[in-house]
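Scroll down for the structure; my scribbles are underneath it.
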Amino acid sequence: MKTPAQTARTSLLASAALALVFGTGMAMAQTAAPAPAETPAPAATATPAAPAAGEAANTDAAPAADAAGTATAAELNSVTGPIAGPDTPVEELPRSQGAAQTTAEQAATKSEVVDHTSKPQDQYEPALTTLAQEQVPVPGAPEGVPAMTQAEFDEANTIYFERCAGCHGVLRKGATGKALTPDLTRELGFDYLHSFITYGSPAGMPNWGTSGQMTDQQVTLMANYLLQDPASPPEWGMPEMKESWKVLVAPEDRPTEKMNDWDLENLFSVTLRDAGQIALIDGGSYEIRKVIDTGYAVHISRMSASGRYLMVIGRDAKVDMIDLWMEDPSIVATIKIGAEARSVETSKMEGWEDKYAIAGAYWPPQYVIMDGATLEPLKIVSTRGMIYDEQTYHPEPRVAAILSSHYRPEFLVNIKETGKIQLVDYTDLKNLKITEIETERFLHDGGLDSTKRYFITAANARGKLVVVDTKEGKLAAITETGGETPHPGRGANFVHPTFGPVWATSHLGDESVALIGTDPEGHADGAWKIVDSFPALGGGSLFVKTHPNSKYLYVDATLNPDAATSGSVAVFDISKMPGDGSDPEIITLNIAEMAEIAEGQPRVVQGEFNKEGTEIWFSVWNGADQESAIVVIDDKTLEVKHVIKDERLVTPTGKFNVYNTQNDVY
């Protein structure tokens, strides 16, 4: 077994100059010009500058990583505890200092310009593609700052929101990356900004110029843009929501029983990302039963507690509710809850099934509780506020994952930049009660343990897992994964032969898979600690998956720069996982090869099981104008069972089985 720190140290890989950002689409990534393979980094002849804010100190961090590598697993996980705060001891590992430092420290340090090749975890920042289309008037340029035309400002806005805002913030006030407000950028000057955009930093800032992803003209444009006052996108309140809200089929006009012959529990909702659609695919026949126009680039699909309504949300913050009981399942209500969004959920507490829906936005930073039958907006809650540990104001903390509690009538809402999880009691919207739990900054995705009592979520830019007891409504633990940028999706629950019930996450920045113990009663010694860590295929993983009826754990490597690796998945036999510190055997399935696609560089993403847990489906995600596919694997034999190909399968990514999604089976 590699300790988490050793795995992080030995497997940090530089990605190819293909700066694939999961949120910007395959077409851009496929056509980006690669950096010259033999171009060396500038020689380090001068004394290196101190690591800058927003960067990982790669060279200086190596000795610390070596020291951490000799520690025991128990020592590495000694930070587990009920409180996160400035005094919590943390074993820091090499990762972006933009995530590790305070906002004041970020602003105080000038970044070192070094040509380099970006790492997968630095490329995975949400592209705000719909904000990029907003028309914002160009601000007046102060004396000494070059004026921009409206056309130039519009082009620069598009580039910034698609490629920069995920790290530096919509208002340029910083997040995992440094603040880029005019008081800072004008002091740095045009020449520095031009060089930094061109060459980047090996610890977090992509080399936009030398990678070929920005022309010199675009680099010049962006350097001038950063000297201007920031664009301020419009807010989106109740008047705007009400104007966008449409009930296409009123509840009283909908069927009172299921009117079709579809096997709804084994139906898959498949995101057709660049087409702005979802495909409803029968899990038994593999037939595409219907393709439905939705918002742009649907991020997730969620099922109502009854299994009747399918909710999807696009990155453009458009929520569509599809009634699966109709003879021809169709959208019955729709609403736009902002400009950029990622999350939607419905109430699941007994007695409150289908009563409410909730959706959270990246911009404006807010969430809205809606009527569960019509999507009528009922209550908007802003997330702007204080960062939990610094107690400094953050103007745009985004809403990340949202889950529904099975133990209390509450929604669990991850507030990304401020490091808070809000437990939103929906029993009385007029007198709304919110329990705010201080956890860790940069909360992202996560899921429930096998008992559905504990919510486990990644503060991925800080390398930690946060555990919340949804029954008691309080923080249970915060634990270092030891890996680089955990990205669990909803995670994977299974029973380890030695450690008992565990929940798994993979990592964007290294090859490691970390297992956290989830049984505080039967296996108290390992509860909420990393009990094992072992390598998969490589960095760039987005999702892990298993099923209660499967003996296998599957791990993708979607953002890995190597084509063979990004087209494959690692498979581990759970029954043969050792508990003695050695690594389990890896079975490699080249899913892209099984799809027999000759063009492009298709990437394999997000396994999803059928209802019975006998098959797992993988998306083979290619460019928008190239052939894609879904490969179905027999879970018993690990052999290809079927390949779904259809001209309507345009950039398939996320897949959501109705039964598994409805019942939180993962």
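- Cation-pi check for Arg315 over Tyr296 is not met; the charged atom does not lie both under 6.0 angstrom from the ring centroid and within 45 degrees of its normal.
- Note on Arg308 versus Asp354: no salt bridge recorded, every NZ/NE/NH1/NH2 to OD/OE distance being 4.0 Å or above.
- Between Trp617 and Phe268, the ring-plane angle classifies as parallel under the 30° and 60° cut-offs.
- Looking at Glu345 and Tyr367, their side chains never bring a donor and an acceptor atom within 3.5 Å of each other.
- Of all heavy-atom pairs between Leu403 and Gly447, the closest is CD2-CA, 3.9 Å.
- Checked for salt-bridge contact, Asp646 and Arg648 meet the test: a charged N lies under 4.0 Å from a carboxylate O.
- For His444 and His487, the distance between ring centers is under 6.0 angstrom.
- Remark: Met259 CE is loosely packed, at most 12 non-hydrogen atoms of other residues, nucleotides or ligands lying under 6.0 Å away.
- For the residue pair Asp293 / Gln277, a side-chain donor-acceptor distance below 3.5 Å is found, with atom types taken as modelled.
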Go through the steps for Lys290 and Asp328 under the test salt bridge (charged side-chain N to carboxylate O under 4.0 Å, His left out), then give the verdict.
CA-CA 9 Å; Lys290 188 171 185 178; Asp328 178 29; 3.1 Å; yes

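- Under the 4.5 Å side-chain criterion, counting only non-hydrogen atoms from C-beta, Arg273 is in contact with Trp621.
- Residues Trp262 and Asp282 form no side-chain contact, since every pair of their non-hydrogen atoms from C-beta on lies 4.5 Å or further apart.
- Put simply, the side chain of Ser568 never gets that close to the backbone of Thr588: no donor and acceptor are under 3.5 Å apart.
- Proximity of Thr653 to Val270: side-chain heavy atoms (C-beta onward) are nowhere separated by under 4.5 Å.
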Decide yes or no on side chain to side chain donor-acceptor pair (under 3.5 Å) for Asn657 and Asn266, but give the supporting numbers first.
CA-CA 6 Å; Asn657 175 269; Asn266 203 28; 3.2 Å; yes

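- Donor-acceptor pairing under 3.5 Å is recorded for the side chains of Thr457 and Asn414.
- In summary, the side chains of Lys655 and Ser619 do present a donor paired with an acceptor at a separation below 3.5 Å, with no hydrogens or angles considered.
- Annotation: side chain of Asn493 is not in contact with side chain of Thr546 (no heavy-atom distance under 4.5 Å).
- When each of Asp449, Asp445, Asp664 is paired with Arg490, the salt bridge (charged side-chain N to carboxylate O under 4.0 Å, His left out) condition holds for Asp664 and for no other.
- With 3.5 Å as the limit, one finds a donor-acceptor pair spanning the side chains of Thr614 and Asn610.
- Inter-residue side-chain proximity for Ser330 and Ile322 is flagged as unmet; no heavy-atom pair is nearer than 4.5 Å.
- For the side chain to side chain contact (heavy atoms under 4.5 Å, CB included) criterion with Ile337, the lone passing option out of Glu240, Met370, Gln366 is Met370.
- Contact check for Trp503 versus Thr505: side-chain heavy atoms found under the 4.5 Å cut-off.
- Under a 4.0 Å N-O distance rule, the pair Lys641/Glu615 qualifies as a salt bridge.
- Under 3.5 Å, the side chains of Tyr309 and Arg302 contain no donor-acceptor pair of N or O atoms.
- Looking at every heavy atom in both residues, Ile402 comes nearest to Ile358 through CG2-CG2, 3.7 Å.
- Around the CD atom of Glu252, the shell of radius 6.0 Å holds more than 12 heavy atoms that belong to other residues, nucleotides or ligands.
- Closest non-hydrogen pair, Tyr426 versus Lys348, comes out as OH-N, 3.9 Å.
- Environment of CD in Glu376: crowded, with over 12 heavy atoms of neighbouring residues, nucleotides or ligands closer than 6.0 Å.
- Within the 4.5 Å cutoff, the side chain of Thr334 has heavy atoms near those of the Lys318 side chain.
- Under a 3.5 Å cut-off, the side chain of Lys416 and the backbone N or O of Tyr362 do not form any donor-acceptor pair.
- Pairing each heavy atom of Ala359 with each of Ile313, the nearest pair is CB-CD1, 4.1 Å.
- A salt bridge is absent between Asp323 and Lys258; no separation between the charged side-chain nitrogens and carboxylate oxygens falls under 4.0 Å.
- When only modelled atom types and interatomic distance are considered, Thr485 and Asn460 share no side-chain donor-acceptor pair under 3.5 Å.
- You'll find the side chain of Leu649 stays beyond 4.5 Å of the side chain of Glu647, heavy atoms only.
- Below 30°, between 30° and 60°, or above 60°: for Tyr554 and Tyr552 the angle between ring planes is above 60°, a perpendicular geometry.
- A side-chain donor-acceptor contact under 3.5 Å links Ser541 and Asp556.
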